[in-house]
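Report on one structure; see the data block that follows.
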Amino acid sequence: MTGGFPYSDDNKRYHSLNYYLKKRFGRKVYKVPLNTDMGCPNRDGSKGVGGCAFCSAKLSGNFAGAPGDTIEKQYAQVRAVMEKKWAGGACIPYFQAGSNTYADTALLREMFETALTLEDAVGISIATRADCIDSEKAAMLGELAKQTYLTVELGLQTVFDETALAMNRCHTYADFLHGYELLRENGVNVCVHLINGLPGETREMMCESAKRVGGLDIHAVKLHLLHVLKGTALAEMYEKGGFATMERDEYISTVCDQLELLPAHIIIERLTGDGDRNELIAPLWSRDKRRVLNGIDMEMARRCAFQGDKA
C-alpha cells in the first residue's frame, strides 16, 4: 500500500496490471501477443470495408507472431524474445491481432484450449469487438473462465457514436453494451479499450468515456493514445490537415483526469500505446514511452491524487 492507496506497493498511484498479476500469481507475468489471422467484420464487408480509420494493416497486431505459424510456434518465438527482458516470468497468451471471436465457436474453443496447454501459461487474454460476441460464444468463454484467468478485451474506443461513425467503426456504444452484458452474465472478465485524441473529441468527451466505462462491472481498462500510422485512412485525414494530434502534456493531464474518474478496483492495463516506429507518422513524442509514463506518475503526485478520487 502506498500513501493510503490499497492497490500499489511502489510509487504508482493507480491500480497497475503489474501489481495485480504479481499479487495474484506471486511472480512477474507478461503477455505474449499472438496473431491467428482471424480478420475483422469491418474489413470483409460483414459490417464494413476498409476497417477502422486508425487501424493498421496488421489489425493492431504489429508486435504479434507470424499469422502463418501455429499458436505453439508463435508463442515459443515471441516468448523467447520477451524472456530476455523478464526471465523466469509466467505468461498470458494474448490473442491480439484482429477480432479473435470472429469464427466458429468450436474452432475458437479448440484454439483457446490449446493456449491453456502452453508452457508457463497462467491465463488467456482475447482481444475482439463486442459485436463478435453472441450467446453461444459468451457461454463457451464462461466455461473457459472457470478453468483459467481469462480476460476478454473489448475495443470500445469511445462512448460517442458520432466519433465512432467518423472513424468508420461500424460499431455503436449499444453494440458494446450488448457484448459486454453477455460476457458478464457468463462470469467473464472484461477489459475495455479507450483511445484518447480521436478527431473531434474534447477533453471532456474523453473523460466522459472513462466515467461511463468506470460505472460498469468491468475488470480492467486500457487507455491508448491515438497514433497516426502510415497507410491508414486516418493518415490521409491528418495529412490533409483534418485534425491535430494531442501534445504530450495535454495527453498526460487527460489521462490523470481519467484515472481520478475510474474506481480504484479497476485494473489499469495500459496508459499509452506502442506505435510501430516504422509506421508512426504522429505524434512522434509518443516514441519516448518512459517519459510519458513518468510524466503521469509526476502529475498524479503533483495533484496529490490517486485513481478513483473522483469516482
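All heavy atoms count here, side chains included; hydrogens, waters and symmetry mates do not.
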Derivation and outcome, side-chain contact (heavy atoms from CB on, under 4.5 Å), residues I296 and L259: CA-CA 10 Å; I296 292 168; L259 288 174; 4.1 Å; yes
Measuring from L234:CG to M167:CE, what's the distance to the nearest 0.5 Å? 5.5 Å
Rounded to the nearest 0.5 angstrom, the CG-CG distance for L116 and L144 is 5.5 Å
Main chain of D249, side chain of S253: is a donor-acceptor contact present, judged purely on distance under 3.5 Å? no
Rounded distance [0.5 Å steps], CG in L150 versus NZ in K146: 12.5 Å
In the hydrophobic cluster built from side-chain contacts under 4.5 Å, what are the other members alongside L107? none
Worked check of salt bridge (charged side-chain N to carboxylate O under 4.0 Å, His left out) between R303 and D257: CA-CA 10 Å; R303 297 183 184 192; D257 289 347; 2.8 Å; yes
Between D297 and K12, does any NZ, NE, NH1 or NH2 come within less than 4.0 Å of an OD or OE carboxylate oxygen? yes
The reported gap from OG1 in T254 to CZ in R203 (rounded to nearest 0.5 angstrom) is 4.0 Å
Got a list of side-chain donor-acceptor pairs under 3.5 Å for residues 80-92, not counting sequence neighbours?
| residue | atom | partner | partner atom | Å |
| --- | --- | --- | --- | --- |
| E83 | OE1 | Y30 | OH | 3.1 |
| E83 | OE2 | G88 | N | 2.7 |

H15 meets the ring-ring contact (aromatic ring centres under 6.0 Å, His included) criterion, sequence neighbours left out, with Y7, Y19
Keeping the roles fixed (side chain from N186, backbone from V188), state whether a donor-acceptor pair exists under 3.5 Å. no
For R287, does its backbone N or O pair with a side-chain atom of R277 as donor and acceptor, under 3.5 Å? yes
By side chain to side chain donor-acceptor pair (under 3.5 Å), N278 pairs with (sequence neighbours left out) none
For L280 versus S286, what's the shortest heavy-atom pair and its separation? CD2-OG, 3.5 Å
Run the side-chain contact (heavy atoms from CB on, under 4.5 Å) check on I218 and L154 step by step: do they pass? CA-CA 11 Å; I218 62 171; L154 297 179; over 6 Å; no
Residues forming a side-chain contact (heavy atoms from CB on, under 4.5 Å) with A220, sequence neighbours excluded: C191, I267, E269
What residue among N196, L194, I195 forms side-chain contact (heavy atoms from CB on, under 4.5 Å) with M206? N196
Distance in Å, L34 CG paired with K73 NZ, rounded so as to fall on 0.5 Å steps: 14.0 Å
Heavy-atom side-chain contact between L271 and V292 under 4.5 Å: no
Starting from the C-alpha separation in whole Å, work towards a yes-or-no answer on side-chain contact (heavy atoms from CB on, under 4.5 Å) for F243 and L226. CA-CA 12 Å; F243 70 99; L226 180 71; 4.0 Å; yes
Is D37 reaching over with its side chain to a backbone N or O of P67, donor-acceptor style, under 3.5 angstrom? no
Tell me every residue that passes side chain to side chain donor-acceptor pair (under 3.5 Å) with K289, counting only those two or more places apart in sequence or in another chain. D274
Taking the side chain as every heavy atom from C-beta outward, state whether F176 and V192 have any pair of such atoms under 4.5 Å apart. yes
Got L141 and L108 here, is their nearest side-chain heavy-atom distance under 4.5 Å? no
Whether N35 side chain and A66 backbone form a donor-acceptor pair below 3.5 Å: no
Indicate, with yes or no, if L118 and V29 share a hydrophobic cluster defined by side-chain heavy-atom contacts under 4.5 Å among Ile, Leu, Val, Met, Phe, Trp and Tyr. no
Determine whether F112 and V32 fall in the same hydrophobic cluster, where Ile, Leu, Val, Met, Phe, Trp and Tyr are linked whenever their side-chain heavy atoms lie under 4.5 Å apart. yes
Tell me, do L225 and W285 make a side-chain contact under 4.5 Å, heavy atoms counted? yes
Check against salt bridge (charged side-chain N to carboxylate O under 4.0 Å, His left out), D120 and R79: CA-CA 10 Å; D120 280 330; R79 185 182 174 214; 2.7 Å; yes
Using every non-hydrogen atom in the two residues, find where Y102 and G39 come nearest and quote the distance to one decimal. CD2-C, 4.1 Å
Which residue pairs pass the side chain to side chain donor-acceptor pair (under 3.5 Å) test with at least one member in residues 108-118, sequence neighbours excluded? R109-E143
Would you confirm whether R13, through its side chain, and A305, through its main-chain N or O, come within 3.5 Å as a donor-acceptor pair? yes
Which residues pass the side chain to side chain donor-acceptor pair (under 3.5 Å) test with K28, not counting sequence neighbours? N18
Is there a donor-acceptor contact under 3.5 Å from the side chain of E260 to the main chain of F306? no
With sequence neighbours excluded, give me every side chain to side chain donor-acceptor pair (under 3.5 Å) pair touching residues 236-248. none
State whether the number of non-hydrogen atoms from other residues, nucleotides or ligands found under 6.0 Å of R24 atom CZ is greater than 12. yes
Do you know the tightest heavy-atom contact between P41 and C132? CG-SG, 3.6 Å
Please list, chain by chain and in numerical order, all residues satisfying side-chain contact (heavy atoms from CB on, under 4.5 Å) with R302, sequence neighbours excluded. E299
What's the shortest heavy-atom distance between C40 and R129, and which atoms? SG-CD, 3.8 Å
Testing the basics here: between G214 and L262, what is the closest heavy-atom pair and its distance to 0.1 Å? CA-CD2, 3.8 Å
Could you note down all residue pairs passing side chain to side chain donor-acceptor pair (under 3.5 Å) where residues 148-172 supplies at least one of them, sequence neighbours left out? K31-E153, Y94-E153, S125-E153, Y149-H219, E153-H193, E153-K222, T158-E201, T163-E201, T172-D175
Should L21 and I268 be counted in the same cluster of Ile, Leu, Val, Met, Phe, Trp and Tyr side chains packed under 4.5 Å apart? no
Hydrophobic cluster membership, L156 vs I266, 4.5 Å side-chain cutoff: yes
Among the clusters formed by ILVMFWY side chains lying less than 4.5 Å apart, do L261 and M246 turn up in the same one? no
Is it the case that the side chain of T232 and the backbone of S56 share a donor-acceptor pair, with hydrogens and angles ignored and the cut-off at 3.5 Å? no
Could you grab the distance from atom CE of M111 to atom CG of D104, nearest 0.5 Å is fine? 11.0 Å
For D134, enumerate each residue passing the side-chain contact (heavy atoms from CB on, under 4.5 Å) test, keeping only those at least two apart in sequence or located in another chain. E136, K137
Please test Q307 against S8 for side-chain contact (heavy atoms from CB on, under 4.5 Å), starting from the C-alpha separation and ending with a verdict. CA-CA 11 Å; Q307 180 184 335; S8 177; over 6 Å; no
Audit row: Y180, R184, side-chain hydrogen bond (donor to acceptor under 3.5 Å, both in side chains) steps and yes/no: CA-CA 6 Å; Y180 151 79; R184 292 305 299 132; 5.2 Å; no
Looking at every heavy atom in both L223 and Y251, which two are closest together, and how far apart are they? O-OH, 3.9 Å
